[in-house]
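Reckoned from all heavy atoms, side chains included, excluding hydrogens, waters and symmetry mates.
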Amino acid sequence: MIGYLRGKIQEKSPTSVIIDCLGIGFFIYCPLSTTTKLGNLGEKVSLYIYPYFQEKEVELYGFATLEEKEVFSLLLQCPGVGPKASLSLLSRMSCEEIKKVIKEKRVDALKKVPGIGPKKAEMIIFKLGDKYRKEPEKKEREIPEEVINALVSLGMSPKEARKKIAEIEDYEKKSVEDLIKEVLKR
């Protein structure tokens with residue numbers, strides 16, 4: 001499968017580009033956000049590629065960033081939303097704007113995009129709403145093993161040591177020595 005293409009720009013329009021890769025010209029549909037970032041004819045360029053298979057042909061869609069490619073792929077998972085409507089949306093809104101519109105359930109903003117009617121807009125919000133409403137989980141830093149080992153050598157169980165360290169506010173910002181002292185004070 002094609003993941004990306006690197007070559008020289010042979011031809012360029014607002015919504016497509018032909019990339020010459022070792023003498024083979026690949027016709028690639030692109031959103032405006034990508035084509036505006038590309039250089040001039042003859043310049044080298046790299047694009048992330050999403051191959052789209054239809055009954056009798058394969059179409060290639062190219063993106064300047066992986067995020068654009070991922071949003072495009074997610075949009076295609078919505079029933080009734082094809083590659084042209086997805087490209088149209090990516091041509092008129094940034095990935096962040098699309099995510100924000102979906103989070104806020106703004107059907108009106110999606111309907112303004114050519115190729116996205118009320119039903120498609122509602123389907124996009126319905127299908128992708130949960131994905132974009134979820135806030136990323138806050139990752140806690142691992143507790144240094146030397147703190148746990150020191151507390152175990154003072155008579156605590158490893159489980160008890162981890163629990164007491166986790167109870168300390170902003171423990172991830174404290175030094176090993178400060179953590180040991182604070183646990184012992186409790």
*Does a side-chain N-to-carboxylate-O contact under 4.0 Å join Glu43 and Lys12?*
no
Please list, one pair per line, the donor and acceptor atoms closer than 3.5 Å that link side chains of residues 18-35 to other protein atoms, with sequence neighbours excluded.
from  : atom 1 : to    : atom 2 : distance (Å)
Asp20 : OD1    : Gly23 : N      : 2.8
Ser33 : OG     : Glu68 : OE2    : 2.6
Thr34 : OG1    : Ala64 : N      : 3.1
Thr34 : OG1    : Glu68 : OE1    : 2.9
Thr35 : OG1    : Pro14 : O      : 2.8
Thr35 : OG1    : Leu32 : O      : 3.3

Could you report the tightest heavy-atom contact between [X] and [Y], atom names first, then the distance?
X	Y	answer
Ala161	Met156	CA-SD, 4.1 Å
Gly62	Ile49	CA-CD1, 4.0 Å
Arg92	Pro114	NE-CD, 3.4 Å
Ile116	Ala85	CD1-CB, 3.8 Å

_Under 3.5 Å donor-acceptor, Lys8 side chain and Leu41 backbone_ = no
_Is it the case that the side chain of Lys120 and the backbone of Gly115 share a donor-acceptor pair, with hydrogens and angles ignored and the cut-off at 3.5 Å?_
yes
*Count the heavy atoms of every other residue, nucleotide or ligand shown that sit under 6.0 Å from NZ of Lys181, and state whether that count exceeds 12.*
no
*Quick check: are there more than 12 heavy atoms from other residues, nucleotides or ligands sitting under 6.0 Å from NZ of Lys84?*
yes
Can you find a pair of side-chain heavy atoms, one from [X] and one from [Y], that are under 4.5 Å apart?
X	Y	result
Thr65	Lys37	yes
Ile2	Leu60	yes
Lys99	Glu96	yes
Gln77	Lys127	no
Asn40	Ile9	no
Phe63	Leu90	yes

Are [X] and [Y] connected, step by step, through hydrophobic side chains (Ile, Leu, Val, Met, Phe, Trp, Tyr) whose heavy atoms are closer than 4.5 Å?
X	Y	value
Val58	Val17	yes
Leu47	Tyr4	no
Ile148	Leu184	yes

Rounded to the nearest 0.5 Å, what separation is found between the [atom1] atom of [X] and the [atom2] atom of [Y]?
X	Y	atom1	atom2	result
Thr15	Leu87	OG1	CG	8.0 Å
Leu76	Cys78	CG	SG	8.5 Å
Glu167	Glu182	CD	CD	11.0 Å
Leu66	Ser73	CG	OG	11.5 Å
Glu122	Lys105	CD	NZ	11.5 Å
Ile125	Met123	CD1	CE	11.5 Å

_Results of side chain to side chain contact (heavy atoms under 4.5 Å, CB included) for Asp178 - residues two or more places apart only_ = Lys174, Ser175
*Applying ring pair (Phe, Tyr, Trp, His ring centres under 6.0 Å), name anything that partners Tyr48, two or more places apart in sequence or on another chain.*
none
